[in-house]
Amino acid sequence: MKSSKNKRLINKRNPRRNRQIIGGAFLFAVVGIFLLFIFRFSYIVANGKIDDQNLTKKAEALYQDDSVLKANRGTIFDAMGNPIAEDSTSYSIYAVIDHRYTGSNDKKLYVTNKNKVATVLSQYLPMSKKDILKTLNPQNKKTFQVEFGTAGQGLSLAIKQEIENHNLRGVYFTETPARLYPNGTFASHQIGLAQQSTTTKAGSSTTALTGVMGIEKSYNKILSGTNGVKQVKKDSYGYQLPNTKVKQKAAKNGSDVYLTIDSRLQSYLETLLTKAQTKYDAKGFNAILMNPKTGQILAASQRPTFNPQTGASLGSFWRDTLTEDAYEPGSVMKVFTLASIIDAGKYPPNSYYTSGQVQVGGSTIHDWNTTGWGSIPYSQAFPRSSNVGFVHLEQILGEKEWLEYIKKFKFLQSTNSGLSGESSGSIQFKSASDQAITSFGQGINVTAMQMMQGYSAIANNGKEMKPQIIDKVVNPATGKTTKYKPVTVGHPVKKSTTKQVLQDMQDVVYKNYGTGAVYKIPGYRIAAKTGTAQISAGNGGGYLTGDNNYIFSVVGMAPAKNPQYVLYITMKQPQNMTESPEKILSEIFNPMMKRALEYNQGKTTKTDQATMPKVSGETVSTSVSALTKAQLKLVQIGTGNTVVQQLPQAGEKVLSNQHVFVMTNGAMTMPDMTGWSKSDVLKFAEITGKSVKISGTGYVTKQDLAAKSLLDSTKEITVTLQP
């Protein structure tokens with residue numbers, strides 16, 4: 001015991017020995033950790049990974065800077081080579097209000113004078129100074145930066161530069177790709193819309209324009225092109241590393257798309273539709289002008305519509321009614337019933353039937369003139385638009401053969417015209433009464449584009465042409481051109497059949513018992529057919545009732561002997577039907593068809609005409625000079641110095657000394673309308689997309705919105721006209 005006790009005393013008295021023991025243990029631990037590190041390092045070197053992360057790629061990412069080389073989106077042109085949709089750049093404005101945001105030498109990078117900022121911005125944004133100050137003073141005092149909503153978005157380069165000239169501290173801009181639609185309301189649903197979309201890949205985001213409607217959507221891949229990439233190896237200071245090369249894959253710009261649309265005719269159609277819509281307040285208008293020899297669509301539009309440049313009136317109505325809406329066409333379908341029975345050799349024009357009403361399968365079918373016209377020959381059934389006569393003709397033809405002709409005319413299938421979302425249509429054909437009513441356009445659902453395809457056969461000697469809106473696609477880098485040739489889709493009837501049908505269509509216009517006398521155009525022979533279609537109440541509830549609850553329509557072909565144009569117009573449920581449906585439609589049909597025929601013959605109707613110059617994309621001063629030279633009166637809408645839209649379009653024939661409209665970048669402003677005609681007011685409504693309530697007749701003497709007021713937030717403008 002004594003010896004052990006003495007030993008412990010000795011250890012306590014020998015600190016050197018203790019240090020040796022502790023040092024040895026520490027050395028052993030260090031060697032162990034070092035060996036473990038060597039093992040781990042060797043493993044990493046051998047495999048090049050750590051925690052399943054590739055170290056080589058990590059190192060490259062640390063020193064390699066990849067930047068996207070954005071491809072330009074292709075331009076959409078009209079048939080004359082005028083741009084309809086083209087790439088642009090827009091800017092959004094924001095303001096930093098956090099006092100901690102400073103630069104070198106404590107330079108203040110935040111807004112220091114809110115009153116000055118609000119005063120200046122109120123001159124360029126559709127916001128009042130009061131609202132801007134409210135934005136600059138948010139309730140949350142910790143807010144770093146503020147934006148100005150839609151008022152601060154979509155600014156042009158000119159507006160950005162104007163604001164920058166004021167040297168506003170703390171005010172900044174972000175740049176985003178944008179699409180410029182210089183023609184405003186111009187076949188808007190058919191041309192479509194491209195909007196910004198953001199895609200994220202490998203942790204980085206790219207903003208690009210993507211088509212979301214119309215041709216912009218259908219041809220998005222062709223228009224978009226392919227982005228490139230630029231790779232540079234840089235040091236921690238952002239400088240390129242020595243002895244390294246820049247790797248670059250060039251962007252491939254999108255191809256340009258050329259349409260068959262003629263801007264002169266399209267612009268005129270837009271003007272006529274806007275005027276009719278304003279006057280008669282229909283729930284819908286469709287209008288298509290086509291060359292039946294080629295199937296090319298020369299003009300097409302619809303109401304409601306929107307302005308793709310401003311977004312005015314877009315709302316939730318994204319549907320192209322020319323291709324996506326299937327509806328019962330009514331009596332304009334009788335063109336195909338008549339052609340079918342003539343072609344089948346079963347038409348008895350000189351036989352008589354009793355008009356007024358007929359019983360089919362337990363149902364009674366009436367003529368629009370419910371008392372009828374007594375006993376009349378079948379040759380009068382078409383110009384009188386007798387439903388009863390066509391029920392008899394369908395029965396003579398036979399339901400099986402009638403259905404075969406419906407399919408020969410390519411109904412019940414998409415025309416594949418090149419526009420997105422095209423419907424195939426449908427038919428109710430089980431019972432005898434179902435079959436009977438299809439003869440006059442009920443019980444069968446069609447699209448406007450299907451009707452145009454069918455009409456091409458009647459106007460083109462029996463050769464049916466596919467509707468075509470794309471003329472060619474051109475690669476701007478190589479010049480390679482893909483031409484879209486006219487496509488014949490069938491020969492549903494013989495040439496001799498079409499000649500007889502065209503004669504009967506002339507009877508609609510020129511016989512004293514025809515329903516289309518209002519469609520006469522002096523100097524031209526017109527072949528036409530009118531239509532009045534009931535509208536389904538839905539849910540199996542039959543049809544709507546009331547004088548205006550119909551789809552009224554007209555199809556016309558001219559010149560009647562050898563048609564160069566087919567014009568088809570529908571009007572759905574006019575709410576202010578102060579004229580007969582035929583009279584309303586004639587206000588669109590007659591001037592539109594006349595204008596097309598005059599262009600075809602190279603005629604002008606006035607000696608005091610001018611040609612509208614192209615001013616879109618030009619400065620205001622340049623535009624003033626060009627329009628003054630052309631003897632036209634300029635109306636400027638907007639605070640900017642660059643023209644983004646014009647009305648009428650370039651190349652269109654206009655009367656000398658008339659008002660022409662240009663919209664500039666920046667906020668829309670109200671012009672002084674004093675002395676304007678009703679036509680001028682309607683043009684203003686068209687280019688701005690604003691609702692205008694017109695009171696009285698004559699010329700403008702009063703407007704409820706003062707000149708130079710901001711238009712962007714205004715919903716409706718009232719103007720008073722007096723003789």
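From a predicted model like this one, the values you see are computed outputs, not experimental measurements. Values below: every heavy atom of this structure, side chains too, minus hydrogens, waters and symmetry copies.
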*Does one side chain, of S301 or E270, offer a donor that lies under 3.5 Å from an acceptor on the other?*
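A donor-acceptor contact under 3.5 Å links the two side chains.
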*Residues E422 and N416: side-chain donor-acceptor under 3.5 angstrom*: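 No, no side-chain donor-acceptor contact under 3.5 Å.
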What heavy-atom pair brings [X] and [Y] nearest, and what distance separates the two atoms?
| X | Y | result |
| --- | --- | --- |
| P492 | E464 | CG-OE1, 3.5 Å |
| S255 | L223 | O-CD2, 3.5 Å |
| K520 | V509 | CE-O, 3.3 Å |
| I469 | S417 | CG2-O, 4.0 Å |
| A187 | A300 | CB-O, 3.5 Å |
| P349 | P377 | O-CB, 3.5 Å |

*Would you sort out whether N549 and Q573 count as a side chain to side chain donor-acceptor pair (under 3.5 Å), showing the intermediate values?*
CA-CA 5 Å; N549 280 327; Q573 296 171 288; 2.8 Å; yes
*Begin from the C-alpha positions of S423 and E324 and carry the test side chain to side chain donor-acceptor pair (under 3.5 Å) through to its verdict.*
CA-CA 5 Å; S423 174; E324 297 181 54; over 6 Å; no
*T274: side chain to side chain donor-acceptor pair (under 3.5 Å) partners, not counting sequence neighbours*: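 In terms of side chain to side chain donor-acceptor pair (under 3.5 Å), with neighbours along the sequence ignored, T274 is linked to R303.
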*asked:* S431: which residues meet the side chain to side chain donor-acceptor pair (under 3.5 Å) condition with it, sequence neighbours left out?
replied: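 Once residues adjacent in sequence are excluded, the partners of S431 under the side chain to side chain donor-acceptor pair (under 3.5 Å) criterion are S433, D434.
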Report all side-chain donor-acceptor pairs from residues 449-458 shorter than 3.5 Å, counting only partners two or more places apart or in another chain.
residue: Q450; atom: OE1; partner: T447; partner atom: N; Å: 2.9
residue: Q450; atom: NE2; partner: Q413; partner atom: O; Å: 2.8
residue: Q450; atom: NE2; partner: S424; partner atom: O; Å: 2.9
residue: Y455; atom: OH; partner: V332; partner atom: O; Å: 3.1
residue: S456; atom: OG; partner: Q453; partner atom: O; Å: 2.5
residue: S456; atom: OG; partner: M465; partner atom: N; Å: 2.8
residue: S456; atom: OG; partner: M465; partner atom: O; Å: 3.4

For [X] and [Y], indicate whether the former's side chain and the latter's backbone hold a donor-acceptor pair under 3.5 Å.
| X | Y | answer |
| --- | --- | --- |
| D320 | Q190 | no |
| E328 | G441 | no |
| Q296 | D471 | no |
| N590 | V518 | yes |
| Y565 | A596 | yes |

Once rounded to the nearest 0.5 Å, what's the spacing between atom [atom1] of [X] and atom [atom2] of [Y]?
| X | Y | atom1 | atom2 | result |
| --- | --- | --- | --- | --- |
| I444 | F336 | CD1 | CZ | 9.5 Å |
| D78 | S263 | CG | OG | 3.0 Å |
| I526 | K594 | CD1 | NZ | 11.0 Å |
| I297 | D262 | CD1 | CG | 13.0 Å |
| Q277 | N576 | CD | CG | 11.0 Å |
| I588 | L567 | CD1 | CG | 9.0 Å |

Any [X] side-chain heavy atom under 4.5 Å of [Y] side chain:
| X | Y | result |
| --- | --- | --- |
| H189 | R319 | no |
| T321 | K572 | no |
| L419 | I215 | yes |
| R264 | M612 | no |

*Given the rule in the side-chain contact (heavy atoms from CB on, under 4.5 Å) test, do S340 and F409 qualify, once you have shown the distances and angles that lead to the verdict?*
CA-CA 10 Å; S340 299; F409 277 107; 3.9 Å; yes
_More than 12 heavy atoms of other residues, nucleotides or ligands under 6.0 Å from NZ of K511: yes or no?_
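Result for NZ/K511: open.
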*For K408, does the NZ atom sit with more than 12 other heavy atoms under 6.0 Å from it, leaving out its own atoms?*
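It does: K408 NZ has more than 12 such atoms within range.
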*Pairs flagged by ring pair (Phe, Tyr, Trp, His ring centres under 6.0 Å) wherever residues 497-523 is involved - sequence neighbours left out*: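 Counting only pairs at least two positions apart or across chains, the ring pair (Phe, Tyr, Trp, His ring centres under 6.0 Å) contacts touching residues 497-523 are Y519-F589.
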*With sequence neighbours left out, which residue pairs that include part of residues 274-287 fulfil the salt bridge (Lys or Arg N to Asp or Glu O under 4.0 Å) condition?*
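Qualifying pairs, neighbours excluded: K279-E587.
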_Residue pairs involving residues 495-505 (criterion salt bridge (Lys or Arg N to Asp or Glu O under 4.0 Å); sequence neighbours excluded)_ =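 Counting only pairs at least two positions apart or across chains, no salt bridge (Lys or Arg N to Asp or Glu O under 4.0 Å) contact touches residues 495-505.
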*Hey, mind stepping through K561 and R525 against side-chain contact (heavy atoms from CB on, under 4.5 Å) and telling me if it holds?*
CA-CA 8 Å; K561 186 175 181 181; R525 189 78 176 176; over 6 Å; no
So, using side chain to side chain contact (heavy atoms under 4.5 Å, CB included) as the criterion, who are the partners of [X] when residues are at least two apart?
| X | result |
| --- | --- |
| T532 | Y550, F552 |
| T354 | none |
| I437 | I365, F440, Q442 |
| D256 | T75, F77, Y258, P476 |

Would you list the atom pairs, donor with acceptor, under 3.5 Å between side chains in residues 396-407 and any protein atom, with sequence neighbours excluded?
residue: E401; atom: OE1; partner: K346; partner atom: NZ; Å: 2.9
residue: W402; atom: NE1; partner: T438; partner atom: OG1; Å: 2.9
residue: Y405; atom: OH; partner: D343; partner atom: OD2; Å: 2.8

*So Y568 and N286, side-chain contact (heavy atoms from CB on, under 4.5 Å) or not? Walk me through it.*
CA-CA 8 Å; Y568 176 47; N286 283 342; over 6 Å; no
Check: residues 384-391 side-chain donor-acceptor pairs under 3.5 Å, at least two apart:
residue: R384; atom: NE; partner: Q380; partner atom: OE1; Å: 2.7
residue: R384; atom: NH2; partner: Q380; partner atom: OE1; Å: 2.9
residue: S385; atom: OG; partner: S331; partner atom: OG; Å: 3.2
residue: S385; atom: OG; partner: K334; partner atom: NZ; Å: 3.0
residue: S385; atom: OG; partner: K529; partner atom: NZ; Å: 2.9
residue: S386; atom: OG; partner: Y353; partner atom: OH; Å: 2.7
residue: S386; atom: OG; partner: D367; partner atom: OD1; Å: 2.9
residue: S386; atom: OG; partner: D367; partner atom: OD2; Å: 3.3
residue: S386; atom: OG; partner: G389; partner atom: N; Å: 3.0
residue: N387; atom: OD1; partner: K334; partner atom: NZ; Å: 2.9
residue: N387; atom: ND2; partner: H366; partner atom: O; Å: 3.4

*side chain to side chain contact (heavy atoms under 4.5 Å, CB included), paired with I76, selected from I261, I191, I470*: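 Passing option: I191.
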*What do the steps show when you test Y543 against I535 for side-chain contact (heavy atoms from CB on, under 4.5 Å), and what is the final call?*
CA-CA 5 Å; Y543 293 98; I535 300 173; 5.6 Å; no
